[in-house]
Every structure is written in C-alpha cells, then in structure tokens.
Amino acid sequence: MNNKRIFLSLSQQSGFEQKYIQKALDDNWITSGGPNVDDFEEVLENYLGAESHVTALNSGTSAIHLALVSLGVGIDDEVICQSLTFSASANPILYQTAIPVFVDSEPETWNICPEQLEIAICDRIRKGKKPKAIIAVHLYGNPYKADEIHKIAERYQIPVIEDSAEALGSSYKGKKCGTLGTFSILSFNGNKIITTSGGGALISKSKKAKEKAIFYATQSKDEAVHYQHSEIGYNYRMSNICAGVGLGQMEVLDKNIDSRIKMNHFYKAIFKNVKEIELFQTKGVFFSNYWLSTILIKENKSITPETLRLAFENANIECRPIWKPMHLQPVFSRYPYYGGNVAENLFKRGLCLPSGSHLTEEEKDRIKKVIHNLLNNYKS
Ligand SMILES: *Cc1c(COP(=O)(O)O)cnc(C)c1O
C-alpha cells in the first residue's frame, strides 16, 4: 500500500493557476502589485460583498501588522488578543512595541470569551489604559461569538481586528467571516483553504482605509517625484505572480470548502459511537468552513491525545495538538492574561486531524484504519 505522508492541510493546484501566471509574464508585470493583484482584490471583494475593500499583501501576518498601524497602535499601547490562536495573531503587536493582553476562550466556539474580554477591558481601564484594539480569531474556521464580542467592543469604543486567516468561507448569521471587523484579515499561506503560495489580505471598511493600507504596504511614499517619506513604510504588497496563483485558486474555493465540510462528516461517522472522543462541530448561527477538523479526548486513563497522535505518526499521517495558547508561550509569558483554563484544557485534550481538501479515498481509508485499530486495542 502507498504510504505517502498525509499532511494536516496541504495546498493543491487547481489547474487554473497557469493561465494567470502566464498572463503576468506576458504583461511583463513580474513585481509586486499589478493587474493580477487588482483582479484578485476584485474577485475577493465580489466574494465578500460590497462593503469590503481588499488590499492584497504578502502575508496574513503583514495584514494584522498593517491593521495595527492603521489603527495608530504604538509604543506601550495595549492590544487585547485571543490567547488560543497561532502566534501570527499576536506577534505584530510586538512589532509595534505595544503590549499584548491575552484573553481566554469559551467552550462553545473555542474563541475569545465575551465575559473575560469585558473583565479584561474594565481592569485595563482601571489600571490606566484603555486597550487600543481587540484581535478576535475564528480558530480552525469556527466563527467566534461575533454579536457578543462586537457589542462589548462598541460599548467601550474599541476597534476589532477580525483574524479570519483560517475562516475564508465561514460565516456568522449569514455574514461572511472577513467582513465582520473594523479591519479583517485573510491568509493565503500554503496550508490555508486557498493559497497564493504565500500571501494575505487586509479588508477595510472604506476606500480611503484601503488606499492608506496600500500606501503603508508600498513603503509610504509621499507624493513627490523624488523618494520622500513622512511615515514608516513596509514592503508588504502581494506579488503579481502570487496573485495569479490566487486567481486560479479562487475558482475552486467553493469546492475546497465543500471538501473540508465533507472531511468533518467523514470524522463524524467514525467517532459517532466513540464516547471518549468528541468531534468539534458548529451549530446554528455559526457556519464553519472546517478548515481543520478537531476533536477533544475525554479525560480517560487509556486513550490520550498523544497515543492517538503517535498512532497516526506511525502510519505516516500528520496530526497536531490544538495550538498552544499564547499566554503559555515562553515569548509571551510576561504579558497580562485574563481567564481560567479553558484554552489550556483545549490544548491538553484536543487534536487537529488531517483535513486537506484533496484527500483520496485510499488516504481516508488509511486514516480510518488507524483510528479503528487504536480504538479496538483499547476495548480489548
Ligand atoms: C496563518 C495564520 C495567520 C498568519 O497568516 P500568514 O499568511 O501565514 O502570515 C494569522 N492568524 C492565524 C489564526 C493563522 O492561522
């Protein structure tokens, strides 16, 4: 049997990329910005809806950084950030020499907890500083409690940066993720639901904010014939070749979302009668693209997340713990944290399962076999 490694989330060409890449070469636009970048932004704007003004950038991390820059976050400003996330949500806070304030998750969506968020805001205000922004994340494609979070943000007049890096195609109450924040961001890194080989986007609410983002992303050049700069600039614009890859990928976005949801159903069937293991699924107003399917393994002496992970590893299948919360990361441990141990328990009890959009029936069988073998061993 073929024993090729199965990855957690692997990108795959759609077959449509080549014509756009060729167009970039034919146009002789082999640089950042250009016709493919404009077209890619337009396709994304059409997908997300009329209010969205998209700036294509070289990464999702750059997009978060420019959101902070656009909001005027600077030295010693405080920025609230969901603790249970990938480090790229929080790192740009430190690029601005601002201070991250981490907040725990709630168990229903695994994302930032409204109660703890409000406690954090009140306590920071009491200590003398109102947070300048809130970074909320749709982890694994599962939307956060947007109404609750945004209501609190409005009450204290704090802008929300919506980290939708993992959630293109997800929605909350029928509204697409990537359109909910004051600023929103997407990632087109190689492991995300679509790729540009490496890229991201900042989504703004106005044309003016988009133009400012492009200004920052292209070295903050003042209007002058010589190079003149009144503000710090960045080299963050998406390349015209990468945008070509993105245009090809957008043609299969819906198909990829459908495959990820089907992977979630595949796991649902496998774990249906397994009481030790609970597959995470969203309900009601929360629509997930199921970028990654995740499980929680109940406290149990026999089977642990690590035994399952190792069983997968032995079969050359990648499987990963839930992202380690930021407040537990050595690099962030000295910053304030509000909450209990919800995120920490998810980290301890959870696993991300292989969820790629292009797994073959044979590969799914390999995954199923590993799980069945392990469960049978523990039963006997
Ligand atoms: C991938 C990711 C990012 C960063 O995106 P890049 O394009 O890799 O820079 C930010 N936040 C989350 C939650 C992510 O998963």
Side-chain angles (χ1 to χ4, degrees), residues 7-11 32 37 40 44 54-69 79-96 100 102-103 105 109-112 133-144 149 160-170 177-178 180-181 183-203 213 217 234-239 242-243 245-246 249 256 260 288-294 320-327 329 331-332 343 346-347 350 352 355-356:
F7 290 95
L8 209 55
S9 176
L10 200 59
S11 58
S32 65
V37 175
F40 184 50
L44 282 167
V54 175
T55 309
L57 301 170
N58 61 3
S59 76
T61 311
S62 307
I64 296 173
H65 190 191
L66 288 193
L68 293 170
V69 170
V79 176
I80 291 182
C81 183
Q82 180 170 323
S83 184
L84 190 65
T85 186
F86 182 63
S87 63
S89 303
N91 279 329
I93 302 169
L94 292 182
Y95 302 168
Q96 287 306 98
F102 294 109
V103 170
S105 290
T109 75
W110 297 13
N111 294 311
I112 191 164
I134 297 163
I135 301 174
V137 185
H138 307 297
L139 199 68
Y140 305 127
N142 307 320
Y144 61 77
I149 299 303
V160 174
I161 299 171
E162 179 201 7
D163 183 343
S164 195
E166 302 174 357
L168 180 59
S170 302
C177 292
L180 307 173
F183 285 99
S184 306
I185 75 102
L186 296 170
S187 167
F188 312 112
N189 193 40
N191 62 344
K192 299 287 159 56
I193 196 145
I194 61 160
T195 184
T196 58
S197 77
L202 179 67
I203 298 125
Y234 304 88
N235 186 5
Y236 282 173
R237 197 73 166 121
M238 181 177 279
S239 117
C242 294
V245 178
Q249 290 270 306
N256 286 1
R260 302 258 172 177
S288 180
N289 67 2
Y290 290 119
W291 173 62
L292 293 187
S293 282
T294 54
R320 229 180 238 284
I322 297 301
W323 301 174
K324 183 174 179 176
M326 293 305 112
H327 73 281
Q329 299 285 355
V331 68
F332 294 126
L346 291 169
F347 167 60
C352 303
S355 307

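Basis for what follows: all heavy atoms, side chains included, without hydrogens, waters or symmetry-related copies. Counting starts at 1 for both ligands and their atoms, following the listed order.
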for atom 15 (O) of ligand 1, nearest protein heavy atom and its distance come out as E166 OE2, 2.5 Å
- prompt: Got an N/O contact under 3.5 Å between S187 and ligand 1?
  reply: yes
Contacts of H327 meeting ring-ring contact (aromatic ring centres under 6.0 Å, His included) (sequence neighbours excluded), chain-then-number -> Y337
Only residue of S87, S89, S83 satisfying side chain to side chain donor-acceptor pair (under 3.5 Å) with T85 is S89
Apply side-chain contact (heavy atoms from CB on, under 4.5 Å) to residues I161 and V79 and explain how you reach the verdict. CA-CA 10 Å; I161 299 171; V79 176; 5.7 Å; no
Atom 14 (C) of ligand 1 sits nearest the protein heavy atom K192 NZ, 3.3 Å
Do M238 and T196 make a side-chain contact, defined as non-hydrogen atoms from C-beta onward lying under 4.5 Å apart? yes
Under 4.0 Å between heavy atoms, the region of T61 that gets near ligand 1 turns out to be both
ask   = Has A63 got any heavy atom lying under 4.0 angstrom from an atom of ligand 1?
value = no
Note: S59, heavy atoms under 4.0 Å from ligand 1, region reported as both
Once you measure the plane-to-plane angle for W291 and Y140, does it fall in the parallel (<30°), tilted (30-60°) or perpendicular (>60°) bin? parallel
Going by the 4.0 angstrom heavy-atom rule, the piece of T85 near ligand 1 is side chain
Given side chains that start at C-beta, do those of V245 and F188 come closer than 4.5 Å, heavy atoms only?
-> no
Hits for ring-ring contact (aromatic ring centres under 6.0 Å, His included) against Y144, two or more places apart or cross-chain, chain-then-number order -> H138, H150
> Are any of the N/O atoms in G60 less than 3.5 Å from those in ligand 1?
Replying inline: yes
When distances are taken from atom 11 (N) of ligand 1, the protein heavy atom at minimum range is D163 OD2, 2.8 Å
